[in-house]
Amino acid sequence: MDSKIPSSVEETLDPRDWEELQGLAHRVIDDAIAHVRDVRDRPVWKDMPTQVREAFAAPLPNQPHPLSEVYRELQEELMPYPMGNIHPRFWMWYMGAGSFSGALAEFIAAIDGSNLGGGNHAAALIDRQVVAWLKQMMGFPESAGGTLVSGGSMANIIGLTAARNAMAGIDVRTEGVAAMPQQLRFYGSDQIHSCHQKAVELLGLGNKALRRVPAGPDFRMDISALREMITEDRQSGHRPACVIATAGTVNTGAIDDLRAISELCRVEGLWFHVDGCIGALAAIAPENRHLVSGLEAADSIALDPHKWLHVPFEAGCALVRDANTHRNTFAVHPEYLEEKPRGIAACEYLHDYNLQTSRAFRALKIWLTLKEHGVEKFGRLIDQNIAQARYLSSLIERAPDLQLMAPTTINIVCFRYSPGKMQEPALRELNTEIMLRMQETGIAAVSDTYVSGHHCLRAAICNHRTKRADLDLLIREVSRIGSILTNCDGVDAMREK
Ligand SMILES: *Cc1c(COP(=O)(O)O)cnc(C)c1O
């Protein structure tokens with residue numbers, strides 16, 4: 001306790017002067033609007049000077065500081081140094097670009113303050129409504145189970161846990177995985193996201209229970225290889241349990257053949273899970289929804305509203321076709337959480353569908369932005385990003401010094417600067433340098449990866465602010481920086497710069 005305050009005074013976190021707070025809060029909103037409105041005028045990213053880094057090593061604040069001063073610190077040390085993903089030329093890794101109304105919703109949700117573990121309150125109804133809307137957007141039945149989670153990784157864990165429990169052959173919640181008569185086998189393509197390895201490890205199945213099915217030249221799972229692995233596993237006495245199809249791989253955006261995998265799962269009696277963190281939402285995009293048809297037949301889906309719905313982090317969603325299976329995977333009823341006929345506990349506990357007990361009111365930002373813009377607009381924005389990626393691919397194919405490294409299915413473009421007559425290691429070094437220079441000058445942010453063993457740059461266009469002119473600029477800059485680096489004496493010259 002503050003030593004200057006006598007112990008008879010009862011304290012609170014509320015301000016002494018609400019009017020003063022009001023003034024500051026209005027300024028925060030004004031600054032926030034300017035920050036988002038003018039994002040295009042700033043570099044995508046800039047590195048922090050030492051002085052800023054050091055500011056975050058300041059000691060534990062035992063004593064109070066005026067809020068306005070703390071806010072000024074943030075304006076100087078936080079706001080100029082973001083990751084950059086709200087910028088129109090951020091195409092690195094894979095994430096959404098945020099939205100102002102999404103941020104407002106986060107604020108309102110925090111002011112409401114409700115805990116979404118359960119309870120009889122309006123936020124819980126919004127949470128259930130958003131889950132119902134997402135089911136509808138995915139073509140899932142109203143009766144399905146669903147829950148909002150932190151992101152795609154958690155959503156996949158929820159789906160795969162339901163799959164494990166449903167396929168274990170025993171009451172795995174009581175007996176544990178060691179009691180399973182046969183080892184379970186899960187299958188995903190060799191392009192599968194890393195979160196699935198964490199999931200099978202966490203589920204006690206071990207990484208070797210997740211078999212990587214080779215992908216074909218189109219980076220989609222090779223279905224006949226999958227069929228062979230299933231047969232092989234049955235012959236070895238294992239229990240094939242679940243196929244994880246990816247609708248939009250993180251590397252190239254490839255979409256597994258959902259119909260074929262769904263049919264195979266039906267015939268073989270396997271759980272059909274779809275990791276739709278990137279592509280599931282294409283189901284609302286009129287020009288591209290055919291790419292994810294078959295999605296609606298899944299036993300479980302993981303999707304990621306903080307990607308193509310652009311709500312601020314965090315927001316993922318797990319849907320499980322059979323609500324009972326979903327509930328039976330997680331429901332526990334301790335004596336201190338008993339449902340009551342009336343009052344605040346007159347509710348179904350939402351944590352029965354989730355690993356978390358306390359849970360953020362993350363539904364509000366989805367609810368608000370869907371209502372504000374309408375689902376159709378989000379569908380058009382998804383189509384727009386896919387059209388932009390195809391446009392970028394066409395620019396690359398026309399540029400003599402650029403090489404397209406994978407087919408562009410949706411919104412991910414893999415390419416490299418390749419002026420000819422260069423070995424792979426030199427190309428890798430050259431392209432890495434191009435990528436880093438674009439980041440460091442704040443022109444554009446792309447990432448790099450390997451496709452079929454070749455290093456390349458990767459632009460993932462999940463961004464409602466991107467315009468085609470931004471992609472024209474990207475291509476010009478890659479070529480310009482690439483030619484500067486290769487002029488004179490090839491990559492050796494680059495090292496001296
Ligand atoms: C992003 C992504 C994930 C993980 O989602 P997070 O929201 O980052 O936890 C899983 N799978 C795929 C295919 C993804 O693109």
Side-chain angles (χ1 to χ4, degrees), residues 2 13 15 20-21 23-100 102-107 110 150-151 306-307 310-315 360 365 431-448 457-460 462-466 470 473-474 477-478 481 485 494-497:
D2 190 326
L13 295 177
E20 186 189 334
L21 176 65
L24 178 65
H26 286 161
R27 214 170 83 224
V28 170
I29 290 283
D30 290 344
D31 294 345
I33 287 175
H35 183 80
V36 177
R37 183 192 59 209
D38 303 334
V39 61
R40 183 175 275 286
D41 305 335
R42 296 193 298 269
V44 175
W45 178 85
K46 68 178 175 194
D47 206 353
M48 290 164 281
T50 317
Q51 169 205 345
V52 168
R53 289 182 189 277
E54 282 169 357
F56 296 111
L60 177 70
N62 282 313
Q63 297 304 319
H65 298 266
L67 186 55
S68 56
E69 247 174 58
V70 180
Y71 176 59
R72 192 176 45 74
E73 251 180 66
L74 291 182
Q75 274 185 302
E76 286 166 10
E77 288 151 10
L78 172 77
M79 298 310 280
Y81 308 103
M83 175 181 249
N85 54 299
I86 75 166
H87 195 282
R89 287 191 299 278
F90 183 96
W91 306 299
M92 198 175 169
W93 299 322
Y94 199 102
M95 59 192 84
S99 76
F100 194 84
L104 264 188
E106 283 285 69
F107 176 69
S150 53
H306 64 206
K307 289 178 177 170
H310 303 292
V311 297
F313 297 112
E314 305 168 336
K365 57 198 169 194
N431 279 275
T432 304
E433 184 63 21
I434 293 171
M435 171 182 78
L436 295 179
R437 286 193 184 197
M438 287 196 298
Q439 290 175 10
E440 284 171 341
T441 52
I443 294 169
V446 298
S447 63
D448 64 344
L457 302 178
R458 169 183 169 282
C462 181
N463 195 320
H464 59 90
R465 298 191 176 96
T466 298
D470 293 312
L473 178 68
L474 170 67
E477 284 299 312
V478 170
I481 299 169
L485 293 173
M494 175 182 102
R495 287 208 193 90
E496 286 146 29
K497 273 173 196 166

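These numbers come from the heavy atoms of this one structure, side chains and all, not from hydrogens, waters or symmetry mates. Keep in mind it's a predicted model, so treat the numbers as computed, not measured.
Residues D47 and Y81 approach most closely at O-CE2, 3.7 Å, considering heavy atoms. In terms of heavy atoms, L457 sits closest to N431 at CD2-O, 3.5 Å. Summarising the geometry of P312 relative to A103, their closest heavy-atom pair is CG-N, 3.7 Å, with the distance given to 0.1 Å. Contact record, A460 with Y94: CB-CD1, 3.7 Å, taken as the closest heavy-atom pair. Summarising the geometry of A444 relative to L474, their closest heavy-atom pair is CB-CD1, 4.2 Å, with the distance given to 0.1 Å. Taking both residues in full, the closest heavy atoms of W45 and P82 are given as CD1-O, 3.3 Å, listed atom of the first, atom of the second, then distance.
Using a 4.5 Å cut-off on side-chain heavy atoms (C-beta onward), I86 and H35 make contact.
Every residue two or more places apart in sequence or in another chain that forms a side chain to side chain contact (heavy atoms under 4.5 Å, CB included) with D38 is listed here: A34, D41, R42. Residues satisfying the side-chain hydrogen bond (donor to acceptor under 3.5 Å, both in side chains) criterion with E477, sequence neighbours excluded, are R480. Residues satisfying the ring pair (Phe, Tyr, Trp, His ring centres under 6.0 Å) test with H464, not counting sequence neighbours, are H310. Residues forming a side-chain hydrogen bond (donor to acceptor under 3.5 Å, both in side chains) with Y71 (at least two apart in sequence, or on another chain): D31. Annotation: ring pair (Phe, Tyr, Trp, His ring centres under 6.0 Å) contacts of H306 (sequence neighbours excluded): F313.
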Starting from the C-alpha separation in whole Å, work towards a yes-or-no answer on side-chain contact (heavy atoms from CB on, under 4.5 Å) for T466 and R89. CA-CA 6 Å; T466 298; R89 287 191 299 278; over 6 Å; no
Show the numbers, then the answer: is there a side-chain contact (heavy atoms from CB on, under 4.5 Å) between D448 and T432? CA-CA 7 Å; D448 64 344; T432 304; 4.2 Å; yes
Check the pair R40, D470 against salt bridge (charged side-chain N to carboxylate O under 4.0 Å, His left out), reporting the backbone distance first and the verdict last. CA-CA 10 Å; R40 183 175 275 286; D470 293 312; 2.9 Å; yes
Verdict with supporting geometry, V478 and M435, side-chain contact (heavy atoms from CB on, under 4.5 Å): CA-CA 8 Å; V478 170; M435 171 182 78; over 6 Å; no
CA sep, side-chain torsions, deciding dist, call: N85, M95, side-chain contact (heavy atoms from CB on, under 4.5 Å): CA-CA 7 Å; N85 54 299; M95 59 192 84; 3.6 Å; yes
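The backbone N or O of L104 sits nowhere less than 3.5 Å from a side-chain atom of K365 that would complete a donor-acceptor pair. Remark: the backbone N or O of I481 is not paired with any side-chain donor or acceptor of R437 at under 3.5 angstrom.
For the atom pair S99 OG and R465 CZ, the distance stands at 7.5 Å (nearest 0.5 Å). Interatomic distance, N463 CG to W91 CH2, rounded to the nearest 0.5 Å: 8.0 Å. For the atom pair E440 CD and M438 CE, the distance stands at 11.5 Å (nearest 0.5 Å). Distance CZ/F90 to SG/C462: 10.5 Å, rounded to 0.5 Å.
The salt bridge (Lys or Arg N to Asp or Glu O under 4.0 Å) pairs that include a residue from residues 64-75 are R72-E76, where partners are two or more places apart or lie in different chains.
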